[in-house]
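What you see is a predicted model; the values in this text were computed from it and never measured. In the text below, chain A, chain B and the rest are named by the order of the sequence lines, each starting its count at 1.
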Number of protein chains: 2
Amino acid sequence: MVSSKDVAKYAGVSQTTVSRVLNTPELVKPKTLKKVMEAIEQLNYVPNDIARSLVQQKTGIITLISGPLHNPFFVDTTTEIVNYANARGYKVNVYFGTEDNLETIYNSVLETKVDAIILSSIRYTDPLFYKLEKLEIPFIMFNRKHQENRHFVEIDNIEAGYLATNHLVTLGHTDLCWIGGPHEMSTFFGRYEGFKKALVEAGIAINTVPTFFTNTSKGDIKRVFEELLLLSPRPTAICAATDAIAIEILNQCLEQGFDIPNDFNVIGIDNVELSKHRSISLTTVGIKSEKNLGFLAIEKLFDVMEKKSACIQQTESVKLFPRNTTGKKMN
Amino acid sequence: MVSSKDVAKYAGVSQTTVSRVLNTPELVKPKTLKKVMEAIEQLNYVPNDIARSLVQQKTGIITLISGPLHNPFFVDTTTEIVNYANARGYKVNVYFGTEDNLETIYNSVLETKVDAIILSSIRYTDPLFYKLEKLEIPFIMFNRKHQENRHFVEIDNIEAGYLATNHLVTLGHTDLCWIGGPHEMSTFFGRYEGFKKALVEAGIAINTVPTFFTNTSKGDIKRVFEELLLLSPRPTAICAATDAIAIEILNQCLEQGFDIPNDFNVIGIDNVELSKHRSISLTTVGIKSEKNLGFLAIEKLFDVMEKKSACIQQTESVKLFPRNTTGKKMN
DNA sequence: TTCTGAAATGAATACGTAACCATTAAAAGG
DNA sequence: CCTTTTAATGGTTACGTATTCATTTCAGAA
């Protein structure tokens, strides 16, 4: 491998000068500059970014721990995060966390020198949070947040759950049901709180309403839907905690020959890009901002990296996006 | 930052011994081992992977240059590639290439020390290929290939185009049309060749068949669809070069109030996960293997990294996946 | 007890760069 | 022409690890 020393020797200058040519060319005489540039060209020299990282104590890498891409929410956020970071000259180490591999990922990440970390997969009481704080590098959580209430960008989950549920109530549904995920995640917890709040307001007794707290894999949701079909009275409206769940419920409904929204109303939360596709056209609740949560988070993360902010605590307001999976209840 | 030297001092041993504790613990006396382990614990020492990379000349990083995730094909492949590499202990630097940023990405990648590169965005005559060969690190292209015909995993694009077209012909369609992308990409080129081959066999004159070669952004496809609606005779069957195109065509059809498959038959190529969703249920042609192209490629890349293979040249066979966007032509 | 070989440890160095400090060359001022 | 600045360059070191080679320690055999 050809190093800056080789270039220096070839050009008849010191390694220091070669370094200067690359980093502060205005400090080197035009004639020497040319000489060195030619040597670089001749020898096909490429600076070693690892060595640079070592001496500068900065890697130019950001770690992203995302949820899996079969959840369309993470398709949207990963896109924004990676593209934004790249545009700012950073590389992005991407991980897709699931139940199984999360511990492994955390260990790997904690042993890797990076300039910042952005993650979504954290649980409300996750000990990882404290390890991240110990690392003393900027980090931010998007979507989910931690009980310590620091370093996060989220949507107003309670309001989101409330708006979604309220929409169904307003359409005349009284037989609702809830399909959510584990309450160790702040998103599922908050959205369910909103669900209950809307039920109370509507005068519906919470204990009469079927609720499912499930893992969010296809198989799990399929099982939930099968259970749901056995309920009596059968719900006419399904409130899903995320678009990902809602979209898989749609899949199951169609699979079984049901008609949406006539047999079931379905509403989600997140307003993912895919929900806008005319084949899906999912009614949902999502962030008011034009930018998605991933974008907002990475933007804020850079603020922290540049010391413009110290600690991010941001909750974005939400609104309803009515589409074709919900409609006035027929009798 | 606490280094192995600090640990050494604290434990009263040499830095060499600390290094041994981490890498070859069987070579160090149990008593010393314990002493050092405790020091590591006490000082909260984490090895610096950058320094390690520098001395070992290997980074544990693989670069992935993928297409954008709004193309569902890359959702599937990115998932497999990242997860496989992670499982094998590698980190993955992810880039999403588009027309605009590809040059920038290439430059960044060429200046970054990594252990291997996997990419899909290459053009048939892309000079990048030669630069990659010069780097002398393992690399592989998936989906698209380069004119040099080395280092790739692809599907049989000609056969794919042929099967898709033939399916429409068999259903009784005579007014076909083709929507593809720029022919500098081997995928689009090959699939169109298959399209023509099937037309010839069906006795349809190629010059009577409308063809669109477009960029694959939503806006571009919308424009194409609007043009298509003005054609006379209006095509009854649309052959899209990729599922991504097909799915956006579906979106446009529904947007305009058309019914699928009655007003238009639509077929894609790639058999992406999303095409299986019941709301989409896209007829398509895809790889016969259970594994997707991304998985096959990353697997092969590891073979190369481990010197099990020198140069990959793999073309996977394909088959038809009939679903609900095509059907017998009604009169 | 002494010798021999293996086991355990340490000292020095390399990896390739940027940064700091020292030095030389050139330009400006009297 | 000499002095004083300023521009341009070079020598040396630090970053934190793994590796190579040399040295010490120790157990077992003679």
Legend entry - Cation-pi, B:F152 ring and B:R144 (6.0 angstrom, 45 degrees): no
Legend entry - Interatomic distance, B:R20 CZ vs D:dT20 C1' [rounded to whole Å]: 11 Å
Inset, instruction - Starting at atom CD of A:E26, determine the distance to atom P of D:dT6, rounded to an integer number of angstrom. - result: 18 Å
Legend entry - First encountered from the 5' end of DNA chain C, between A:P47 and B:L33: B:L33
Inset, instruction - Indicate the atoms forming the closest heavy-atom contact of A:F96 with A:I105, along with that distance. - result: O-CD1, 3.8 Å
Inset, instruction - Could you state the atom-to-atom distance from CG of B:N23 to C1' of D:dT20 in whole Å? - result: 15 Å
Legend entry - Shortest non-hydrogen contact from A:Y124 toward A:H146: O-CD2, 3.3 Å
Legend entry - Separation of atom CG in A:L27 from atom P in D:dA8, rounded to whole Å: 8 Å
Legend entry - Distance, nearest 0.5 Å, that separates CG of B:L119 from OH of B:Y95: 12.5 Å
Inset, instruction - Scan A:T32 against the nucleic acid and name what it touches under 4.0 Å (heavy atoms): base, sugar-phosphate only, or nothing. - result: sugar-phosphate
Inset, instruction - Check every strand shown and say whether B:V18 touches a base, only sugar-phosphate, or nothing at a heavy-atom separation below 4.0 Å. - result: nothing
Inset, instruction - Let me know the distance between NZ of B:K31 and C1' of D:dC26, rounded to the nearest Å. - result: 13 Å
Inset, instruction - Evaluate side chain to side chain donor-acceptor pair (under 3.5 Å) for A:S14 paired with A:T17, printing each intermediate quantity in order. - result: CA-CA 5 Å; A:S14 71; A:T17 298; 3.3 Å; yes
Inset, instruction - Could you check whether A:T17 gets within reach of a base, just the sugar-phosphate, or nothing at all, counting any heavy atom under 4.0 Å? - result: sugar-phosphate
Legend entry - Check: A:Y90 ring centroid to A:F302 ring centroid under 6.0 Å: yes
Legend entry - Option passing side-chain contact (heavy atoms from CB on, under 4.5 Å) with B:N143 (candidates B:I122, B:I155, B:T187): B:T187
Legend entry - Length of the line joining B:K5:NZ and D:dC15:P, which is rounded to integer Å: 7 Å
Inset, instruction - Mind calculating the distance between CG (B:D6) and P (D:dA14) to the nearest angstrom? - result: 14 Å
Inset, instruction - Remember a base hit wins even if backbone is also touched, and classify B:Q15 as base, sugar-phosphate or nothing at under 4.0 Å, heavy atoms. - result: base
Legend entry - d(CD1, B:I40; C1', D:dT17) in whole Å: 13 Å
Legend entry - Comparing B:V28 and B:Q57 on DNA chain C - which has the more 5′ nearest nucleotide: B:V28
Inset, instruction - Just call it for B:T16: base, sugar-phosphate, or nothing, with non-hydrogen atoms closer than 4.0 Å on any strand. - result: base
Inset, instruction - Look at all strands and tell whether A:S3 reaches a base, only sugar-phosphate, or nothing, counting heavy atoms closer than 4.0 Å. - result: sugar-phosphate
Legend entry - Range on DNA chain C touched by chain A, heavy atoms, distance below 4.0 Å: C:dG16 to C:dC20
